[in-house]
Amino acid sequence: MNGSREPVSRAGDRQGASGLRDARNGANGFLLVDLDRFQGPLDLLLHLIRQQDIDIFDIPIATITDQFLAAVARIEAHDLDGAGEFLDMAATLIHIKAQMLLPRHQEEEEEDPRAELVRRLLEYEQIREISSRLIRAEAERARRFPKGYFHFRPRGFVEDTPLESTWQEVLEAAGGVDLNHPRNRPYRFSTGLVAVEEKVALILEALEGSTRVEFSKLLAPWKEKVHGVVTFLAGLELSRQRAVTLRQTRHFSELWIMRGDMEEWARMQAGDKEEEGEA
Amino acid sequence: MNVSQIVEGVLFASDAPLKAEEIARADESLDEDLVEEAVRELRALYDESGRAFQLVELGEGYQILTRPELAPYLERFDTVPRLPRLSGPALETLAIIAYRQPIGRIEIEYIRGVGAAGVIRTLQDRGLVEVAGRSEGVGRPLLYRTTRRFLEHFGFASLEDLPRPDELPVLLRERGSLEEILGEGNGAP
Amino acid sequence: MNVSQIVEGVLFASDAPLKAEEIARADESLDEDLVEEAVRELRALYDESGRAFQLVELGEGYQILTRPELAPYLERFDTVPRLPRLSGPALETLAIIAYRQPIGRIEIEYIRGVGAAGVIRTLQDRGLVEVAGRSEGVGRPLLYRTTRRFLEHFGFASLEDLPRPDELPVLLRERGSLEEILGEGNGAP
């Protein structure tokens, strides 16, 4: 599933989540909506309904369907990847619209064709409300600290802490070392080149354990300038993908690589086989 | 050492919430009731004597935490890197799991209208959500539930502490009956 | 919040002894003298009210610690943090380095088929692996070997002691050069 269309804003940020700011009445009378602001088809539908003060229990399905389709039509131009969920909803809307046109038999007490959709919309709206309550609860909780929370002194070296792994485990792992496993990526053998992907992996590894890492620390093991250049390029690439942000307080001071929205990024990368993590 | 001192010592030395039964393990003379009583005493004592910390009920147990009012002072020492905040999709998914647990991925995706596999994995990595078992349904899909850590992280003593359904619109109270919901809804607006 | 509460909160939240000047960083209104005074007050208060903890002065500063008399009760808890274990990739990499040292990262990655930079760093952090020098090859890449600590941890007197059972892949069991074995293995590189 595509994560790129989810807005950066938090669910509790009503304005951001509903995309209200970006909706304007277009010249053709349709609502112009910035699809990237929506977390999915329900979010978009809910926006259309709330934006126009429509009674959610009596949705004018034909109008809403037209508006939804008009908005969804714009997806294809720039992002086919995440269109599936929206197209599913479009199909559902068209189906409901068709059912609404059929004569209904009062005596059989058939359910309103819109009922399931209404339930989903209300439920989704509630989930958003709960999300914002969770944010508030989280913020309140974060104001309390347990004993010993702050590390005022640098921790001892990792090597000072005992390790549990046994030689038997090493041997077992060794038994699994197998040169004949298929490689799904081309490999350079001591060409001396430094690949951006390696440095991307290095940065990501470093950010697994902490929220930030100094640029210089990443370079420490190497003397060659090329490592600096390529690590910087890797940082820029990750920054472009919003996995990290780069921060430097003054010229020539330490460059910090700060962890960004990794979940978002991970979702975008989902499917790509990533380098194995470590302990 | 009296009961109150033992309980206080154990709570003080712990870096995570402890259940009464866990605290009681400190000594044969203790039981859950004695611990609960000591907890109440200590809580009152800390509050009355204006201590900088409080005895809080959290994550199905008890923990001593600083008062929220101290946050501005303590934040000046913020040397512990904090985890990045949860994204909107992650929070929504967490909310669904919290109220509907145990729940499978397909149901979550239906409620949110978008895929949830990546977000669920993130929540698992953060220790907020865990596998609760498998559904009896076709393919026996995995079911998820929230963890004790979820309660601790959001400051809830137990799942009962989640915002009550009656403070919320109708839907989460009932899993099923659409007719009822529509009935209530139609009557209301 | 008064001075005493701020000092108490900071000491509570710290995992290490703090000097008065460090505590004073919590607020502009504080200075060392005020902190020292609050420390004395708190110390007396804890002692007089029979708290399970004490405010002690250690070499480096002040810290709140449980009273020594509580040790018998606290020892009943698994206070020893769960010992970290090496991950699968780390174990595998360690085995490769142990048997093929000195060896460069590229070779390790070739054998494992995935990147190894992070895993090697983990092993270095744990003191199990260290840089042995640089290869003569292009770019003069770093070579790695196991450390004394590696031998100590796994109980070997020397590298000669490493067992080379038949179950080991040829690549690790044989002492011949990597190129030779790789040449035999799949004739590839």
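Protein chains get the first letters and strands the later ones, always in sequence-line order, with residue 1 at the start of each.
- Only the side chain of F156(B) comes within contact range of chain A, with heavy atoms under 4.5 Å apart.
- Of the atoms belonging to I64(B), it is backbone heavy atoms, and not side-chain ones, that fall under 4.5 Å from chain A.
- In this structure, F154(B) and F150(B) have tilted ring planes: the angle between them lies in the 30° to 60° band.
- When the candidates S14(B), A98(B), A95(B) are compared by the number of heavy-atom contacts under 4.5 Å with chain A, A95(B) comes out ahead.
- For the options A16(B), A90(B), A71(B), heavy-atom pairs under 4.5 Å to chain A are most numerous at A71(B).
- The side-chain hydrogen bond (donor to acceptor under 3.5 Å, both in side chains) test with Y46(B) singles out one residue from R67(B), E8(B), Q54(B), and that residue is E8(B).
- Neither the backbone nor the side chain of L70(B) has a heavy atom closer than 4.5 Å to any heavy atom of chain A.
- Remark: E160(B) engages no residue in a salt bridge (charged side-chain N to carboxylate O under 4.0 Å, His left out) (not counting sequence neighbours).
- R112(B) has no carboxylate O lying under 4.0 Å from a charged side-chain N of D43(A), or vice versa, which leaves the two without a salt bridge.
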Decide salt bridge (Lys or Arg N to Asp or Glu O under 4.0 Å) for R50(A) and E125(A); before the verdict, give the C-alpha distance in whole Å, the side-chain angles of both, and the deciding distance to 0.1 Å. CA-CA 11 Å; R50(A) 294 306 186 201; E125(A) 201 167 41; 2.5 Å; yes

